[in-house]
Peer 1: 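Below are the structure tokens for one structure; questions will follow.
Computed from heavy atoms alone, side chains included, the values below leave out hydrogens, waters and symmetry copies. One is the number of the first residue; the rest follow in order along the sequence.
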Amino acid sequence: VLRVLLRGPLRSWKVKELALEAKVSLGHVSAVRQELLANEWASDAAGGLRISKPENLLNNWVAADDWNARTTVREYSLLVNDPVEIATQSHAFLSRLGAAHGFTQWTAAHLRHPHTTPPLTTVYVSEFPEDAEIRGQLLARRVDSGGRLRLVRPHDEGVLNPLQIVKRLPLVCDVQIYLDLIKAGQRG
């Protein structure tokens, strides 16, 4: 719900419309709405719920966020070093499998605003592909750390909603990129 509400430009949302867009129940939207209003991060007007203090809301979300608690991560070593090429090959592979996926962290930030070279490619996946498929299709092997490709299964599938397409690659929304990158280290 917050990912939808914080997607720019900020606007007012009716509860039913927000539930449909966020793909959650009306009850869930109502609970989030009450929390936002109680913390004075949003206001309720004739047009519906609207975020009024986006920085306060985002800062509190960042403070409460725990990457390790909300994800399961697998890393892979590949022969390819170029992060955009890794992303392109990974996207083609995951698309052939029919797996929902969205790039995040440095890869997504680089594709949105190419100011640095990403140290690795990070992609959320709804389910992990079999290691044998990854070996066969991407010529990648699973490693404990230091891999160039990081597949991340979120415990909350909401990270994949909404997605944005940049350079023909699916990226998580800008708010999710920010949350994933801000505490990631390596000058995230």
Peer 1: State, with a plain yes or no, whether a side-chain heavy atom of Val29 is found less than 4.5 Å away from one of Trp13.
Peer 2: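 In short, these two side chains do not touch, never coming nearer than 4.5 Å.
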Peer 1: Determine, using the 4.5 Å side-chain heavy-atom cutoff (strictly less than), whether Leu37 and Leu18 are members of one ILVMFWY cluster.
Peer 2: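 In one cluster: yes.
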Peer 1: Check for me, please, whether Val123 and Val80 land in the same ILVMFWY cluster - side-chain distances under 4.5 Å, paths through other members count.
Peer 2: yes
Peer 1: Charged N to carboxylate O below 4.0 Å: is that the case for Asp180 and Arg70?
Peer 2: yes
Peer 1: Examine distances only and state if a side-chain atom of Glu133 and a backbone atom of Glu130 form a donor-acceptor pair shorter than 3.5 Å.
Peer 2: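 Such a contact is found between Glu133 side chain and Glu130 backbone.
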Peer 1: Are the side chain of Thr107 and the backbone N or O of Phe103 linked by a donor-acceptor pair below 3.5 Å?
Peer 2: no
Peer 1: Just by distance, no angles: are the side chains of Glu157 and Asn161 close enough, under 3.5 Å, to form a donor-acceptor pair?
Peer 2: no
Peer 1: Strictly below 4.0 Å, N to O, side chains only: are Asp44 and Arg33 in salt-bridge contact?
Peer 2: yes
Peer 1: Could you state whether Val175 and Val166 fall into the same hydrophobic cluster, counting links through intermediate Ile, Leu, Val, Met, Phe, Trp or Tyr residues with side-chain heavy atoms under 4.5 angstrom apart?
Peer 2: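 No, because Val175 and Val166 fall into different hydrophobic clusters, even though each may have its own neighbours under 4.5 Å.
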Peer 1: Hey, does Val152 have a side-chain heavy atom less than 4.5 Å from the side chain of Thr72?
Peer 2: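 Heavy-atom side-chain distance check fails, nothing below 4.5 Å.
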Peer 1: Carefully, step by step, assess Val143 and Arg141 under the rule side chain to side chain contact (heavy atoms under 4.5 Å, CB included).
Peer 2: CA-CA 6 Å; Val143 294; Arg141 66 181 176 84; 3.3 Å; yes
Peer 1: Do you know the tightest heavy-atom contact between Pro129 and Leu97?
Peer 2: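 The pair with the smallest heavy-atom distance is CB-CD1, 3.7 Å.
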Peer 1: For residues Ser52 and Ser43, report the shortest heavy-atom separation together with the two atoms involved.
Peer 2: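 Taking every non-hydrogen atom into account, OG-N, 3.9 Å.
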Peer 1: Same cluster or not: Leu20 versus Leu160, using hydrophobic residues (I, L, V, M, F, W, Y) connected whenever any side-chain heavy atoms lie under 4.5 Å apart?
Peer 2: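 Leu20 does not cluster with Leu160.
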Peer 1: Could you tell me the separation between the CD1 atom of Ile182 and the CG atom of Leu179, rounded to the nearest 0.5 Å?
Peer 2: 9.0 Å
Peer 1: Test Leu26 against Val15 for side chain to side chain contact (heavy atoms under 4.5 Å, CB included), laying out the working first.
Peer 2: CA-CA 7 Å; Leu26 290 171; Val15 171; 4.0 Å; yes
Peer 1: Counting distance only, does the side-chain N/O of Asp156 pair as donor-acceptor with the main-chain N or O of Gly158 below 3.5 Å?
Peer 2: yes
Peer 1: Applying side-chain hydrogen bond (donor to acceptor under 3.5 Å, both in side chains) to Glu55 and Asn59, what does each step give before you reach the verdict?
Peer 2: CA-CA 6 Å; Glu55 285 186 38; Asn59 289 338; 5.1 Å; no
Peer 1: Just so I know, are the side chains of Val1 and Val24 near enough to count as touching, which here means a heavy-atom distance under 4.5 Å?
Peer 2: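 Yes, side chains in contact.
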Peer 1: For residues Leu171 and Leu120: do they belong to one hydrophobic cluster (side chain heavy atoms under 4.5 Å, members Ile, Leu, Val, Met, Phe, Trp, Tyr)?
Peer 2: no
Peer 1: Kindly determine whether His115 and His110 satisfy side chain to side chain contact (heavy atoms under 4.5 Å, CB included), including the steps that lead there.
Peer 2: CA-CA 7 Å; His115 298 297; His110 174 75; over 6 Å; no
Peer 1: After noting the C-alpha distance and the side-chain angles of Tyr76 and Arg135, does the key distance pass the side chain to side chain contact (heavy atoms under 4.5 Å, CB included) rule?
Peer 2: CA-CA 9 Å; Tyr76 298 85; Arg135 258 192 319 276; over 6 Å; no
Peer 1: A side-chain contact here means heavy atoms from C-beta on lying under 4.5 Å apart; do Arg168 and His91 qualify?
Peer 2: no
Peer 1: Taking the side chain as C-beta and beyond, is there a heavy-atom pair between Thr121 and Trp106 under 4.5 Å?
Peer 2: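 No; the side chains remain at least 4.5 Å from each other.
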Peer 1: Can any side-chain N or O of Gln164 pair as donor or acceptor with the backbone N or O of Val172 at less than 3.5 Å?
Peer 2: yes
Peer 1: Counting only heavy atoms not in Asp66, do more than 12 sit closer than 6.0 Å to its CG atom?
Peer 2: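 For Asp66, atom CG is crowded (more than 12 foreign heavy atoms under 6.0 Å).
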Peer 1: Tell me, do Arg3 and Val159 make a side-chain contact under 4.5 Å, heavy atoms counted?
Peer 2: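 Yes - at least one pair of side-chain heavy atoms lies under 4.5 Å apart.
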Peer 1: Could you give the distance from CD1 (Ile177) to OG1 (Thr122), rounded to the nearest 0.5 Å?
Peer 2: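 These two atoms lie 11.5 Å from each other.
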Peer 1: Are more than 12 heavy atoms from other residues, nucleotides or ligands located less than 6.0 Å from atom CZ of Arg153?
Peer 2: yes
Peer 1: When you measure from the centre of the six-membered ring of Phe128, is the NZ or CZ of Arg74 closer than 6.0 Å and no more than 45° off the axis?
Peer 2: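 Yes; both conditions hold, so Arg74 lies above the ring face of Phe128.
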Peer 1: Do Leu149 and Leu151 come close enough that some side-chain heavy atom pair is under 4.5 Å?
Peer 2: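 Touching, per the 4.5 Å side-chain cut-off.
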Peer 1: Quick check for you: to the nearest 0.5 Å, what is the distance between Leu138 atom CG and Arg148 atom CZ?
Peer 2: 14.0 Å
Peer 1: Does the side chain of His101 pick up a donor-acceptor pair with the side chain of Ser90 at under 3.5 Å?
Peer 2: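 Short answer, no.
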Peer 1: Is the backbone of Leu10 close enough, under 3.5 Å, to the side chain of Arg50 for a donor and an acceptor to pair up by distance?
Peer 2: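 Looks like yes, one N/O pair under 3.5 Å.
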Peer 1: What are the two closest heavy atoms between Leu49 and Ala42, and how far apart are they?
Peer 2: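 Between these two residues, the closest heavy atoms are CD1-CB, 3.7 Å.
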Peer 1: Hydrogens and angles aside, do Glu40 and Asn56 bring a side-chain donor and acceptor to less than 3.5 Å of each other?
Peer 2: no
Peer 1: Looking at CD of Gln105 and NZ of Lys183, how far apart are the two atoms once the value is rounded to the nearest 0.5 Å?
Peer 2: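 These two atoms lie 13.0 Å from each other.
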Peer 1: Check this for me: does any side-chain nitrogen of one of Arg7 and Glu21 sit under 4.0 Å from a carboxylate oxygen of the other?
Peer 2: yes
Peer 1: Answer yes when Asp174 and Arg112 have at least one side-chain N-carboxylate O distance shorter than 4.0 Å, and no when they do not.
Peer 2: yes
Peer 1: Does Leu57 reach the side chain of Ile51, with side-chain heavy atoms less than 4.5 Å apart?
Peer 2: yes
Peer 1: Could you tell me the separation between the OG atom of Ser95 and the CG atom of Leu169, rounded to the nearest 0.5 Å?
Peer 2: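 The CG atom of Leu169 is 9.0 Å from OG of Ser95, to the nearest 0.5 Å.
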Peer 1: Using 4.0 Å as the upper bound for N to carboxylate O, is an ion pair formed by Arg11 and Glu17?
Peer 2: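 Salt bridge: yes.
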Peer 1: For the CG atom of Asn81 and the OG1 atom of Thr117, what is their distance to the nearest 0.5 Å?
Peer 2: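 Reported value, rounded in 0.5 Å steps: 12.0 Å.
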